[in-house]
*Asks:* 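Got a structure for you, questions after.
What's counted below: heavy atoms across the whole structure, side chains too, no hydrogens, waters or symmetry copies. Here is the naming used below: chain letters follow the sequence lines, and residue numbers restart at 1 for every chain.
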Amino acid sequence: MALGLTHFLVVSALLFCLGLYGVLTRRNAVAILMGIELMLNAANINLVAFNKYVAPAALNGQVFTLVVITLAACEVGVGLALVMAAYRNLETVQVDRINMLKW
Amino acid sequence: MLLLDWLYVAAFAVIGLLLAALSLAIVWVLSPRSAYPQKRMTYESGVVPIGQAWAQFNIRYYLFGLVFVIFAVEVIYLYPWAIVFRQLGKFAFFEMLIFLVVLLLGLAYAWRKGALEWT
Amino acid sequence: MNWGAEIAKAVLAAVGMFTFLAIVAAMFGVLLERKIGGWIQSRLGPKHVGPQGLLQTLADTLKLLQKEHITPRAADAVVFNTAPLVVATAGLMGWLVIPFGTLGGTVLVVRDLNIGILFFAAMASMTVIGILAGGWSSNNKYSLLGALRSASQMISYELPLGMALVAVAMEAGTLSTVGIVRAQDGWMGSFIFRQFPAFVIFLVAATAEVNRVPFDLPEAESELVAGYLSEYSGMRFSLFMLGEYAEMFAMAAMTTTLFLGGWKGPLLPPLVWFFLKMYLVVFFMMWVRWTFPRFRLDQLLSLCWKVLLPAGLIWILISGYRITF
Amino acid sequence: MERYLLTITVFLPLLGGLIILLIPKGRDELMKWVAAAAAGLAFLVSLWLLGPFEMGSAGMQLQERYLWIPGIGINYHLGVDGLSLPLLIMTALLSLLSVVYSWRIEMRLKEYLFLFLLLETGTLGVFVALDFFLFFVFWEITLVPMYLLIGIWGGPRREYAAIKFFLYTLVGSLAMLLAIMLLYFNAEPRTFGILELIQQQPLARVPALAALAFWGFFLSFAIKVPMWPFHTWLPDAHVEAPTAGSVILAAVLLKMGTYGFVRISLPMLPETFKLFAFPIAILALIGIIYGALVAMAQTDLKKLVAYSSVNHMGYVMLGVSAAAAAVGVPEKAHAATIALNGAVFEMIAHGIITGALFLIVGVIYDYRAHTRGVAEFGGLGARLPLYTGVTMMAMLASLGLPGLMGFVAEFLIFVGSFGVFPELTALAVTGVIFSAAMFLWTIQRIFLGPLNPKWAELPDLDRREVISLAPLAALMLAFGVYPRPLLDMINVAMTSLVAVLR
Amino acid sequence: MPIPIEDLWSLVPEFWLAALGLLLVLLDLFLPGDRKRLVGWAAVVGLLLVLMPILGMLGTPARTVFFNTYAVDGFAVFFKIIAVVATILVILSTMDALRGHTSFEGEMYVLLTFAALGVCLMAASADLILLALSIEFVSLSSYVMAGYFKSDLRSNEAGIKYFLFGAASSAVMIYGFSILYGLTGETNLYAIADRVRTAPQPALVLAVGMALAGLGFKVSMVPFHQWTPDVYEGAPTPVAAFLAVASKAAGFAALVRFLMVAIEPGPVDWVAPIAGLSAVSMTLGNLLALPQRNIKRMLAYSSISHAGFLLMGVAAHRGDFGAPGLLIYLLAYTFTNLGAFFVAIAVGGRLGSDEIPSYAGLAQRSAGLAAVMALFMLSLTGIPPTGGFLGKFYIFGAAVNNGLLWLAVVAVINSVVALYYYVNVIRVMYLLPAPSGGSASGPVPLRLALGVAALGTLVIGIFPQPFVTLVGAAAMLLRM
Amino acid sequence: MGTLAAFFILSAVTLIPAVVVVTSKNIVRSALALVPTFFGITGLYILLRAEFVAGIQVLIYAGAITVLILFVIMLTEGGTGIRIRQVNEQVPVGALASAVLAALLIWVFLRTPWPQGPGALPEYTAAQIGTTLLSSMVLVFEVTSLVLLISLIGAIIIARRER
């Protein structure tokens, strides 16, 4: 068995679903964000793997990965700012306690 | 073979961690132990710790972290540009000029709005 | 390819390099620091253990090895013990891409990675994680505070550091360290001339990055009970120290590589040139330590964000303009 | 000028309404006069239409046609024929009379008048629109003002009645929209022109879609008519609406439904209509008998009139479905024509009579007794002679007394539909008996017998009430005695319609 | 690969918007605190000016520029117009709404301008990378705007919820994009279209489904709608208006281009699921809107239901009524919904409440406001002669034309249900007595925005031909 | 063979800490566990010949994003040391959904005949990425700067106190 594309895809699928699990089950906004990061990383693995095995002629996959990393950074920046602002007012970062409005 | 390079990197990482852990293990074997409970208390200037080890720290830590993340991302775009802009001519320079001017504006904003002040 | 042999070679290289570093960087470095400190303050420094106190650090190390192993009860033991490993390893990893010189036709470098300086910057940034982990796991508010301050400082100075690296990469057109040295031909070819602002930025940022005076605020004993290190003792403490010294020497080596023409120089063998330049930079850093007072945190961060970072960005643009047109 | 007569008729009221909006608060008299002027002018212009209108010609006349949304083949297309012109004039007249009747409204006058005039524009437009899109727009425009008229100026349960009215009719109109779309997309070339579609018969070859489209239209029109069992909104709406609103609702809005059956369902989907004519006739029959019986059980005057509307519209639908059943059967064409003539005549007759009846109820309820309970009255005949005269005339007209308008209509319908559905018609005639009984009993209870001392001081009709009721009474009588001019006009249109269907 | 200079000319509007945004940042930095409104006016002027180059591109032939990463066609132009017009109106309304809530006034205009740019980019992106980037561009600015009132707990909550939902669904979407890239080896939509025919089925379905998650989030399609009510209620009202209109329009632009350009040639049947989602969205949105007492929350659920209607246009995209219908519905919806939110701003600002019962007797307190609100409610219901009606007309026509009669019937039923809660607002305003005096008319900029919204709603309903021509051109050029 | 072994080791390094990330009761440990996960992913990138992306992965994910996350955790509840239940009541549902999705994804991935494109990756990916970014992806490149700008501005707005 030689190392091939599907190996990476399986890891990516598992990582994605772990991230999803985190997103679905965590109460802490930051923890949910970490789950989202895992999901994005899974997508990145896909992109890089496909770039090598499917379309090695151009580097679109890797460029996409860079963009995703950038977006992840921006999301973390903005998202954590919102978390901090909410924490200042509510003294909690548990999303089910941030619940003035009907959920 | 490119992967060979990274085999060395991996080896360095693993060995580094192992050696450091080894030193700790040696100490763990050699060092004296006492069951003197005060020693294992948190050291806070000799005063008995009260409450949790936490205070509502300044949001400024976050602001610095934020600006850092944004500019760290910016820097990653500089690296590939830096190695090829020579070949790509003046277009590449102007592209980067726009990119950097936009981010300098961001820096100016952060500066002017006091996100870079500690006090 | 024979993987077994390669792995064996890699492990040997790693062990060799680390041993070398532990001696040259850490032990000798500490001694050097004490000596220079003594010289600047017109006193003698360590003198009794071994000839001229050469073995003083060894003795200290032996003492540290026997020190009691204290883990605070409220601390998170796993994280508490892992943090020093991370810091130490991160400090050592940077050496992987440093070219020491040439021997015959081959360059003496563990591996000439094609993303060399990026790798270096990445490894340097790992220290922050270790420090934060250490500070938090101590479960001590001074440690946590110290860790946060230290991390703030380090991440801030990573940026100018990166900018300086980019400026050099622009000049050399490559990220490989060997390539960068090769791009610096002759004495005037050293990038310190063409990239002098980048050199200054790099040096300042590197000094701050390794938490040295005047940027040693995070572990300022007089202000913060040794910062994030408060709860650390014994060997774990010395691992932090090892990482720090390793990184300081790595920074010096990198300065040499990037700006001082690396191993290149007339007459003397390349290896000698390299160490000469590196110790020059180390000496400079120690000299600064014993001469300048400590910055306040706000001054420290202002320097970074309001001087070094804009300067770096603008310098990159200037260099870009110069090289393009 | 003549080229734009229809447009002027339709939009004069709206113009008046917009002017009223600009009048500052407090100038109530001015607003009323402007409203009356707008409605009056619209009525006059609609009468003027009779001049250029050629009585003998069957086709659409006075057509106006401009590109509106050429991108999808929508035109601004107006026109009248013998079917729509009487309805147009009747609408204009009733609107004018209602404005006159509403003179004493004080609460939120500006909004009232604006909405009323907007409503008039919508109803007028429905009768002259010859493009489906335009037709639909006018059709829907009537909903909002009616909703608000009921909701703001209505009786105690006005909110419920208003929203019920709105919901019911919206269901219907959206169903119609889908039916229109089915026609449009099967036409070649695609068009929303009603006349063009009638000519094309786009769904003739796809019976399944034709049935869908038919039921779409049916739902819309049947709710509007209202046919049993879609009538439940009607008693609520009629009872709760202010008097003028009830008048327009009963006299005009209901006609939009039957007009739709005659103008659209019948010529557009004749085969399909024929297929379903019998069940529809049965529904109409149920409506006739149910309406009459339930009306008889009512003690509330307004409700009584409302249910009598269900009964009367049943006649209309009986006539229309009889005509539909005769499609493609040349020997029944004559009967079909008579039935249709009767149906259309009944629309006019019912408009005038029921309009009058609601005004009559309003007279006693709004300004005098403030109650509509039949049982609470008695012996008013001696006290209010003028009022009694008008009321009795309207009620007798409604029950179909010969010499008054209702009789002509019902007679024609029965004659016509007997040729197609003899059994159903025979049963339907019993409805006449029920409604006769109902009205006579009502007259007896209100006007005869001992006078309830409570009402001893009631004044008789004043001048303005006379002005609003007299024209209607005159028309009932005039067309009852001499229906020819109206019937001729209708007959030309219906004959050509039946001719096309054959 | 040098960049063709003539390509640059096709991007004049985007450059302009970007430059405008940067200029506003500068302006904001150097204006004193009490003059920040000037930033808003500068933004309005700049946006008005940018309309010129956008309109100037109306007739140009469809093509892609910048190495096929960016489409220049009528479709994109149409959405650019929507973005700019909506943003202008939102900025006008913002000038009133921010007072007293935040000291960061200038930045709001900056963010709105950049968000407008993001919407333009979303509508014209012809490359997955650029598409993902521009979606995040709009999202990130929206997250910030949703949480703009930092001392207001509900705004905090709106920001956090919007962020978490948005980030999660965009992660799913990017994963879907990555699979699509793996199946075709391309990131360019037009190149994908060439390769997608032979793409293996189940993976392609998976990719499209995951990509729909992110786009569905933007347009608040069920089941990615949960954020909508909380965010609309908690966010500052002008922001809610922006999300309901511009952000949603952009979502549809991206969705339509993605599906119709890249996926349409492939073997995946996406029409049926979209039709199903459309039915579910409109039904669920309507049913949940029924019991709402808060106007913003009601509008949020109504916007879910309108997403359903719009999806109906996506599902029934073929023919003269499909894509044009979608676009004209969006256009009418833009004006109408903006108007409804503006009334909410005016009322909320004066009466301090967004509860529908507090609208009682508005007709007597400020007749004009009540009248335009009634107009907007009727337009949302789809009563002629409003723009909303024309949109419904088109969409129903498209459904009938595409053989989706069942969906049209569902839509009819939903329209009737919707009538109930829309008319309820009219009922409260007109039928209920006013509790007390006090007029509730807004300041000049807000009234200006309201006027434009009302005018737009009416004009689209009464004289739609220019708009019909516009959307006809936009839809024709879509597939080049 | 060697690469396969490396792959499995790296997968373990990626996935096992990832499990800790999403399940640990201690939020700081979760965050710290991100670091080995990111390193594992870095290793996978290396196996895929994407050294530049790998470098960025460490620099940004491990070096910047994690640090920021740690900052925020330490500034909020993580710093308090109070143990709060970290999961909501959706655990079974979430686990089931994730498991089903994982099975589905893997099933689809395994049975899909992925196309094999022509050509080979360039030796020096960093340069090629630079070229791509500056030519065919130039719009992406410039828009990125704007995205960074608004994130910076937006986050500062949100994080700063009202005056």
Side-chain angles (χ1 to χ4, degrees), chain A residues 1-3 5-11 13-22 24-28 30-31 33-35 37-38 41 45 48-49 51-60 62-63 65-67 69-74 76-78 80-85 87 93-94 96, chain F residues 3-4 7 11 14-15 18-19 21-22 27 30-31 34 41 44-45 48-50 53 56 60-61 64-65 68-69 72-73 76-77 84 86-88 90-91 94-95 97-98 101-102 105-106 109-110 114-115 117-121 125 128-129 132-133 137 140 144 147-148 151 154-155 158-159:
Chain A
M1 187 168 69
L3 185 59
L5 174 60
T6 45
H7 287 89
F8 292 97
L9 296 183
V10 169
V11 173
L14 290 172
L15 192 63
F16 182 80
C17 292
L18 277 173
L20 186 67
Y21 173 78
L24 291 177
T25 58
R26 287 304 185 124
R27 292 171 69 223
N28 187 320
V30 185
L33 189 59
M34 293 195 278
E37 294 304 323
L38 293 185
N41 270 287
I45 295 177
V48 174
N51 201 156
K52 177 175 180 215
Y53 289 99
V54 175
L59 281 183
N60 283 6
Q62 294 195 14
V63 171
T65 309
L66 282 191
V67 169
I69 291 176
T70 308
L71 293 179
C74 293
V76 167
V78 171
L80 292 180
L82 289 164
V83 170
M84 295 290 285
Y87 184 73
V93 289
Q94 313 291 325
D96 49 0
Chain F
T3 51
L4 197 62
F7 168 79
S11 302
T14 306
L15 292 173
V19 172
V21 170
V22 296
I27 183 79
S30 280
L34 280 172
I41 293 167
L44 293 176
Y45 290 161
L48 289 163
R49 307 284 163 77
V53 177
I56 298 308
I60 299 301
Y61 262 122
I65 291 180
L68 192 59
I69 289 178
V72 169
I73 292 173
T76 59
E77 281 172 8
I84 300 171
Q86 289 292 346
V87 291
N88 57 23
Q90 290 178 18
V91 172
S98 308
L101 184 65
L105 280 173
I106 291 171
F109 284 162
L110 289 181
W114 298 99
L121 283 178
T125 50
Q128 187 62 39
I129 284 175
T132 312
L133 268 177
M137 290 293 159
V140 172
T144 306
V147 172
L148 288 170
S151 306
I158 297 294

*Asks:* Using a 4.5 angstrom heavy-atom cutoff, name the option from A72(A), G19(A), G35(A) with the most pairs to chain F.
*Replies:*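 Sorted descending by pairs with chain F, the first entry is A72(A).
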
*Asks:* Rounded at 0.5 Å granularity, tell me how far OH in Y61(F) sits from CD1 in I69(A).
*Replies:*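 Rounded to the nearest 0.5 Å, the OH-CD1 separation comes to 6.0 Å.
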
*Asks:* Is the closest side-chain heavy-atom distance between L148(F) and C74(A) below 4.5 Å?
*Replies:*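 Yes, side chains in contact.
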
*Asks:* If we define contacts as heavy-atom pairs under 4.5 Å, which of A31(F), S11(F), G154(F) has the most with chain A?
*Replies:*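 Counting heavy-atom pairs under 4.5 Å, the top option is A31(F).
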
*Asks:* Could you check which of V19(F), L121(F), L105(F), I60(F) has the highest count of heavy-atom pairs closer than 4.5 Å to chain A?
*Replies:*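 Counting heavy-atom pairs under 4.5 Å, the top option is L121(F).
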
*Asks:* Would you say L9(A) and L110(F) make side-chain contact, with heavy atoms under 4.5 Å?
*Replies:*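 No, side chains not in contact.
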
*Asks:* Is there a side-chain contact between V21(F) and E37(A), using heavy atoms and a 4.5 Å cut-off?
*Replies:*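 No. Closest side-chain heavy atoms not under 4.5 Å.
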
*Asks:* Which bit of A58(A) comes within less than 4.5 Å of chain F, counting heavy atoms only: side chain, backbone, both or neither?
*Replies:*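 No part of A58(A) comes within 4.5 Å of chain F.
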
*Asks:* Which atoms of A97(F) are under 4.5 Å from chain A, going by heavy atoms: the side chain, the backbone, both sets, or neither?
*Replies:*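 The side chain, not the backbone.
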
*Asks:* Most heavy-atom pairs under 4.5 angstrom with chain A, which of I56(F), L68(F), I106(F)?
*Replies:*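 Among the listed options, the one with the most contacts to chain A is L68(F).
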
*Asks:* Examine whether an atom of V67(A) lies under 4.5 Å from a heavy atom of chain F, and if so say whether it belongs to the side chain, the backbone or both; otherwise answer neither.
*Replies:*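 Only the side chain of V67(A) comes within 4.5 Å of chain F.
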
*Asks:* Heavy-atom cut-off 4.5 Å, strictly under: side chain, backbone, both or neither for V63(A) against chain F?
*Replies:*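 Looking at V63(A), just its side chain touches chain F.
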
*Asks:* Which one of G119(F), S151(F), P118(F) has the most heavy-atom pairs closer than 4.5 Å to chain A?
*Replies:*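 Sorted descending by pairs with chain A, the first entry is S151(F).
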
*Asks:* Could I get the full list of ring pair (Phe, Tyr, Trp, His ring centres under 6.0 Å) partners for Y53(A), not counting sequence neighbours?
*Replies:*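 Scan of Y53(A) (ring pair (Phe, Tyr, Trp, His ring centres under 6.0 Å), adjacent residues dropped) gives none.
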
*Asks:* Which residue, I65(F), V22(F), I27(F), forms the side-chain contact (heavy atoms from CB on, under 4.5 Å) with M34(A)?
*Replies:*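 Among the candidates, only I27(F) passes.
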
*Asks:* Side chain, backbone, both or neither: which part of N60(A) has a non-hydrogen atom closer than 4.5 Å to chain F?
*Replies:*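 It is the side chain, since no backbone atom gets that close.
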
*Asks:* Heavy atoms only, distances under 4.5 angstrom: which of L133(F), T144(F), V140(F), L44(F) has the most pairs with chain A? Name it, please.
*Replies:*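 Max contact count across the listed options: L44(F).
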
*Asks:* Do L5(A) and F109(F) touch side chain to side chain, with heavy atoms closer than 4.5 Å?
*Replies:*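 No, too far: nothing below the 4.5 Å cut-off.
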
*Asks:* Of the backbone (N, CA, C, O) and the side chain (C-beta and beyond), which part of I45(A) lies under 4.5 Å from a heavy atom of chain F, both, or neither?
*Replies:*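 For I45(A), heavy atoms of backbone and side chain both lie under 4.5 Å from chain F.
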
*Asks:* The criterion is side chain to side chain contact (heavy atoms under 4.5 Å, CB included); which residues satisfy it with A55(A), sequence neighbours excluded?
*Replies:*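 By the side chain to side chain contact (heavy atoms under 4.5 Å, CB included) rule, A55(A) matches Y181(E).
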
*Asks:* Chain F heavy atoms under 4.5 Å from L82(A): which part of the residue, side chain, backbone, both or neither?
*Replies:*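 Both backbone and side chain.
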
